[in-house]
Asker: 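Encoded as structure tokens, here's the structure I'll be asking about.
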Amino acid sequence: MRTLFKSTLYLLLLLPMSFFAQNTVSGTVTEAGTDLPIPGANVIVQGTSNGTTTDFDGNYTIDNISEGDVLTFSFLGFANQEITYTGQSTINVQLEEDSSALEEVLVIGYGSVDKKDATGAVQQVSTEDFNKGPIQTAGQLITGKVPGVSVTSGGGAPGEGETINIRGQGSLSLTSSPLIVVDGIPLANSDDNVGGSRNPLDFINPNDIESMTILKDASSTAIYGSRAANGVIMITTKKGKGNEFKFNLSSSTTVYTPTEYVDVMDGDQFRSLINDIGNENDLARLGDANTDWQKQIYNTSFGSEHNFSATGRVGDFMPVRASLGYTDQDGILRGDNFTRTTASVNLRPNFLENDLRVELNGRGMYTENTFANRDAIGSSVDFDPTQPIFDENSPFGGYFTWLNADNVQINLAPTNPVALLQFKDDTSEVRRFIGNAKVDYDLFFLPELTATVNAGLDKSNSNGRVFTSEQMPSADLDWNGAYTSYSNEFTNKLFDAYLTYDNDFDLHSVNAVAGYSYQSFENYSYSYDSEAAEDNLQAEFIDRNRSVLLSYFGRLNYNFDNRYLVTATLRADASSKLNPDDQWGYFPSFALAWNINNENFLRGSSLVNQLKLRLGYGEIGNVNGLGDYGFLTNYTGSRSDANYQFGNQFYQTYRPSAINEELRWEVGKNYNLGLDYGLFNNRINGSVNVYLKQTEDLISFVTVDPLTNFSNAIDKNIGDMENRGVEFELNVIPVQTENFNWSIGYNISYNENEITNLPDEVQVGGISGGTGNTIQLHKEGYSPFSYWVLKQVYDDSGRPIEGAYVDRNGDNLINDEDKYLYKDPYADLIMGLNTNINYKNWDLSVVTRANFGNYAYNNMASSKAFETRATANSILRNLHTDYYNTGFVATTENNLVSDYYIQDASFFKLDNITLGYTLQEVFEGSSLRIYGSALNVLTVTDYEGLDPEISGGIDNNFYPRPRTFALGANLNF
């Protein structure tokens, strides 16, 4: 009895302790359907930091768990699974694929496609992948992110426009920019931007963009026909979603600092030079100051940005999103300012049990621009550094001025750069609205058939004025100031109607689209010039133009067993820019794809998740950037001071413009071979593309025989060009745990352009330093815009010998016959490397870029580093410090085109560093992210000019890009 009592007491004492026991559970995490292990899967006790990850075989062990704990199993690309612990020693889990994660939907022309079913070279960059920090334009979101895509800002001005090229230079004289499509509305050519606007993409707030899809090859772009010759960028804005309203409020403050200046002599260096080379009059002109004119016109500036958005659902049928944004940025050039206010709304009601779907998008923008006088940039380089800013005896507002005997500015003398900023006001206001109404209806008698109508409007107008004070230094004795004003209005109307058939038949899947599109572009401009009015000349100018694009299109996508994919596209475009006999262009494309990973020998592989081979061909036309109605004779009235006298009367005459009735489409024939891959549960993924584009009937502005037209030069179809290259993309997730995630993205692309047929050489690329000089040439067998130069001769020490050039043809003369084509401004290799690290609540992103093989013409050195320039015309001008390298005395036409000034502009840039920290539950249901960013952090280059990244390759009076520091906060609630 005593033994039984002791045993019972022991059990009673031990029983309560079992409720507090800490247990261990283990198991295996596998993929549902294949039973393959999932290495790196996360296993965590919900609500705690107690967790682990699976090993290479999918095994895990987790300690210190209690009954009632909930275990959460998760891995990228799979749906989370939760299991309550009730004492099991082993828990094996099979994770189901998360279709929303794996089947990424790509927005393409007139529809969408699952990424696994895409047959073309298509790449999408979404919100989580965008560049972070103080982003002001859409192009900045994807800079360095996409292989084959180059985004180059025009300079460092606030809101400055960008040059976007996809797979190199697309034309000789037409635009090489891609087509931009925003929520189904193709925007007009960037050349149709209204006056007073800095950037045609300023209207869209980057915070409103959900994704940007880049269509690069003809098989994916041909559905847009003639406008897609240089690729397509599909911008999809954020839409309403969810059942409850959620709000986002973000704000940032930014500091912009100038970092680089053109290398010119300081006051002491310049005085020493004049003492060596000047005469008595030159010495008498020297001042006592030591003025750094560039630091007088540039300064540290500030900016701020504020955004608010609301996303949710009204009732049970209408998702809604609305946003407001405000940006205010000063430029580093004193007086420069850009202010933008944006508003957007998206409504997506559905009716008839979701058979009828309506999408309404409205987006408005209002910008106010104050343009600083960029003439000050060149003047700050030229102006004598020994002179003071102010002169109390100056009749021009007290600013030092080079005066002649009439007490006006000496003709050809540079103007005081500070006065240029002070006495010129250049302002504008731009308003823009872009919106569309899209209706999708699944036909009741055939639910697989959807009818779509999309009507869009893109309308903008601007008003601007430029006032130059009478105190501005001038060489005109009668100068009393000037005033000009202008207004522009641009209207882009769109109507699309198409049918989409989408159906699955066992192993077969078909998606077919057929439709019609009409788009018109109307432009009105008005300008007024007060100086012309004072001189009794024509002071007002009015211009109107209109063009129309009419199109029919169709596309068929066929999928067999998710293994074999076929896409065929045809678009017929008619453009009013061409004569009636050549208006219509027909642009077909065809593509094949093979999902190798779905074959039996790879299906279920633990190594290969995706392996798709793609082959595509397509033809695309181009007339983007071509003037309207060039096949008709236009007449321009003579000015009031150029009328023809007949007797005692004066009559206005009209002169005809040049015409070409034979202009036809530029046509590009594109070939693309691609491979998409994904390994180790897509922790390693990317693509490889090889492409060839053959453009025929290139349009170029060329000279014609005398007396054959109303001008000596016309637009003409005259040549052919090849564009070929290779693109490679690699994305890696080296570490993925509950608290630490690290991803790396790398891309590299090689591109080569060559003019393969061009009967007549075309000189392009105007430069300063003389009148009518050019530095580039289009010539058969070479890259377009290659530099056309003389080969410099050097002495034994490597110093260039002035006036000594290689006589390449041996005729003892140095002239154009001795010039050769040397390098071009476009990079052979473009690379991007970015990384993202998340550790608990911290996040860090770094974006870098590199260009190799791009060359720039240093026009600042070539035109401003000659000895005689310092004392010419009874004034003193500063010199570029390249004078110390050359010792050149005189500016000559030959000196300007020396290959000495063609410099390697390859570079590596550390573009963007952003560090953030997220605070959860600042108040119920909220999160707050605080971040700091630095942009344009570091540039490594051998280029001797201000910046190696110069669009077009001619470095002349470039607005320097500032280094940017930002502090911001983002609140979700």
Side-chain angles (χ1 to χ4, degrees), residues 125-146 149 151-153 155-160 162 199 201-202 204-212 235 238 248-259 300-309 323 325-332 338 340 342 743-745 832-839 841-849 908-919 927-939 949 960-972:
V125 184
S126 302
T127 305
E128 59 271 17
D129 303 314
F130 286 151
N131 291 328
K132 306 297 190 281
I135 302 297
Q136 290 189 343
T137 66
Q140 291 176 317
L141 293 171
I142 59 172
T143 301
K145 292 285 188 177
V146 184
V149 178
V151 182
T152 305
S153 67
E160 187 79 352
E162 295 147 335
N199 183 346
L201 285 180
D202 275 342
I204 188 168
N205 188 332
N207 288 276
D208 289 336
I209 297 177
E210 178 71 29
S211 67
M212 296 175 69
I235 296 178
K238 295 175 180 177
N248 175 266
L249 179 63
S250 64
S251 182
S252 65
T253 299
T254 310
V255 179
Y256 306 89
T257 62
T259 59
T300 297
S301 62
F302 299 89
S304 62
E305 183 174 1
H306 313 283
N307 297 284
F308 175 77
S309 66
S323 71
Y326 178 76
T327 300
D328 185 357
Q329 180 188 347
D330 291 330
I332 59 171
F338 167 72
R340 175 181 63 192
T342 62
S743 63
I744 300 172
L833 175 63
N834 57 82
T835 187
N836 291 279
I837 297 174
N838 294 85
Y839 176 68
N841 293 338
W842 291 93
D843 63 89
L844 173 68
S845 65
V846 180
V847 179
T848 66
R849 292 183 296 125
F908 167 82
K909 288 199 172 192
L910 177 52
D911 254 359
N912 186 322
I913 301 176
T914 299
L915 177 65
Y917 183 81
T918 301
L919 298 167
S927 66
L928 174 66
R929 178 176 178 265
I930 301 172
Y931 68 89
S933 290
L935 277 66
N936 192 24
V937 180
L938 173 69
T939 300
E949 194 173 18
R961 298 182 178 97
R963 184 164 294 139
T964 302
F965 302 94
L967 182 64
N970 193 316
L971 176 65
N972 291 295

Asker: Quick check for you: to the nearest 0.5 Å, what is the distance between Glu210 atom CD and Ile235 atom CD1?
Answerer: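 Here the rounded value is 13.0 Å.
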Asker: Can you confirm whether Leu938 sits close enough to Thr848 that some side-chain heavy atom of one is under 4.5 Å from a side-chain heavy atom of the other?
Answerer: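 SC-SC contact between Leu938 and Thr848 ruled out.
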Asker: Does any N or O in the side chain of Asp330 come within less than 3.5 Å of the main-chain N or O of Ser301, such that one atom is a donor and the other an acceptor?
Answerer: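 Pair absent, no side-chain N/O of Asp330 close to backbone of Ser301.
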Asker: So if I apply the side-chain hydrogen bond (donor to acceptor under 3.5 Å, both in side chains) rule between Arg929 and each of Asn841, Asn970, Thr918, Asp843, which one comes out positive?
Answerer: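 When side-chain hydrogen bond (donor to acceptor under 3.5 Å, both in side chains) is applied between Arg929 and each of Asn841, Asn970, Thr918, Asp843, only Asp843 qualifies.
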Asker: Can you run down the salt bridge (charged side-chain N to carboxylate O under 4.0 Å, His left out) pairs that involve residues 129-141, sequence neighbours left out, and say none if there aren't any?
Answerer: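 Non-adjacent pairs meeting salt bridge (charged side-chain N to carboxylate O under 4.0 Å, His left out): zero.
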Asker: Write down the atom of Pro134, the atom of Leu935, and the distance for their closest heavy-atom approach.
Answerer: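 So the two residues come closest at CD-CD1, 3.6 Å.
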Asker: Can you find a pair of side-chain heavy atoms, one from Thr127 and one from Ser211, that are under 4.5 Å apart?
Answerer: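 The answer is no, as the side chains (C-beta and beyond) never meet within the 4.5 Å cut-off.
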Asker: Can you tell me how far CD of Glu160 sits from OG1 of Thr152, rounded to the nearest 0.5 angstrom?
Answerer: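 The OG1 atom of Thr152 sits 12.0 Å away from the CD atom of Glu160.
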Asker: Do Asn836 and Glu128 have side-chain atoms, one donor and one acceptor, less than 3.5 Å apart?
Answerer: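 Distance-only check fails for Asn836 and Glu128.
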Asker: May I ask you to test the Asn248-Phe308 pair for a side-chain heavy-atom distance under 4.5 Å?
Answerer: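 Asn248 vs Phe308: side chains apart.
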Asker: Mind listing the closest non-hydrogen atom pair of Tyr931 and Leu967 along with its distance?
Answerer: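 Heavy atoms only, the tightest pair is O-CD1, 3.3 Å.
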Asker: Roughly how far, to the nearest 0.5 Å, is the CD1 atom of Ile930 from the CG atom of Leu971?
Answerer: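 The CG atom of Leu971 sits 10.0 Å away from the CD1 atom of Ile930.
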Asker: Check side chain to side chain contact (heavy atoms under 4.5 Å, CB included) between Thr342 and all other residues, then give those that pass, not counting sequence neighbours.
Answerer: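 Thr342 satisfies side chain to side chain contact (heavy atoms under 4.5 Å, CB included) with Asn205, Arg340, Met365 only.
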Asker: Residues two or more places apart in sequence or in another chain: which of them pass side chain to side chain contact (heavy atoms under 4.5 Å, CB included) with Pro960?
Answerer: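 Side chain to side chain contact (heavy atoms under 4.5 Å, CB included) list for Pro960, sorted by chain: Tyr298, Ile332, Leu946.
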Asker: Less than 4.5 Å apart, any side-chain heavy atom of Asn131 and any of Thr143?
Answerer: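 The answer is yes; the side chains approach within 4.5 Å.
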Asker: Would you tell me whether Thr914 and Ser933 have side-chain atoms, one donor and one acceptor, within less than 3.5 Å of each other?
Answerer: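 Indeed, the side chains of Thr914 and Ser933 share at least one donor-acceptor pair under 3.5 Å.
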Asker: With side-chain contact (heavy atoms from CB on, under 4.5 Å) as the test, would you mind laying out the steps for Ile204 and Ile209 before giving the verdict?
Answerer: CA-CA 8 Å; Ile204 188 168; Ile209 297 177; 3.8 Å; yes
Asker: Ignoring hydrogens and geometry beyond distance, is a side-chain donor-acceptor pair present between Thr137 and Glu162 at under 3.5 Å?
Answerer: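 The answer is yes; a qualifying pair exists.
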Asker: Find the distance between CG (Asn307) and CG (Asn207) and round it off to the nearest 0.5 Å.
Answerer: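 Asn307 atom CG to Asn207 atom CG measures 4.0 Å (nearest 0.5 Å).
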Asker: Apply side-chain hydrogen bond (donor to acceptor under 3.5 Å, both in side chains) to the pair Asn199 and Gln136, showing each step before the final yes or no.
Answerer: CA-CA 11 Å; Asn199 183 346; Gln136 290 189 343; over 6 Å; no
Asker: Apply salt bridge (Lys or Arg N to Asp or Glu O under 4.0 Å) to Asp911 and list each qualifying residue two or more places apart in sequence or on a separate chain.
Answerer: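 Residues passing salt bridge (Lys or Arg N to Asp or Glu O under 4.0 Å) with Asp911: Arg849.
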Asker: Given the rule in the side-chain contact (heavy atoms from CB on, under 4.5 Å) test, do Met212 and Lys145 qualify, once you have shown the distances and angles that lead to the verdict?
Answerer: CA-CA 11 Å; Met212 296 175 69; Lys145 292 285 188 177; over 6 Å; no
Asker: Who passes salt bridge (Lys or Arg N to Asp or Glu O under 4.0 Å) against Lys238, sequence neighbours left out?
Answerer: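 Testing Lys238 for salt bridge (Lys or Arg N to Asp or Glu O under 4.0 Å), a comparison that skips the adjacent residues, returns none.
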Asker: Hey, is the main chain of Ser743 close enough, under 3.5 Å, to the side chain of Thr835 for a donor-acceptor pair?
Answerer: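 At least one qualifying donor-acceptor pair exists.
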Asker: Can you tell me how far CG of Leu833 sits from CZ of Phe908, rounded to the nearest 0.5 angstrom?
Answerer: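 So the CZ of Phe908 and the CG of Leu833 are separated by 7.5 Å.
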Asker: With sequence neighbours excluded, what pairs up with Tyr917 under the ring-ring contact (aromatic ring centres under 6.0 Å, His included) test?
Answerer: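 Tyr917: ring-ring contact (aromatic ring centres under 6.0 Å, His included) contacts with Trp842.
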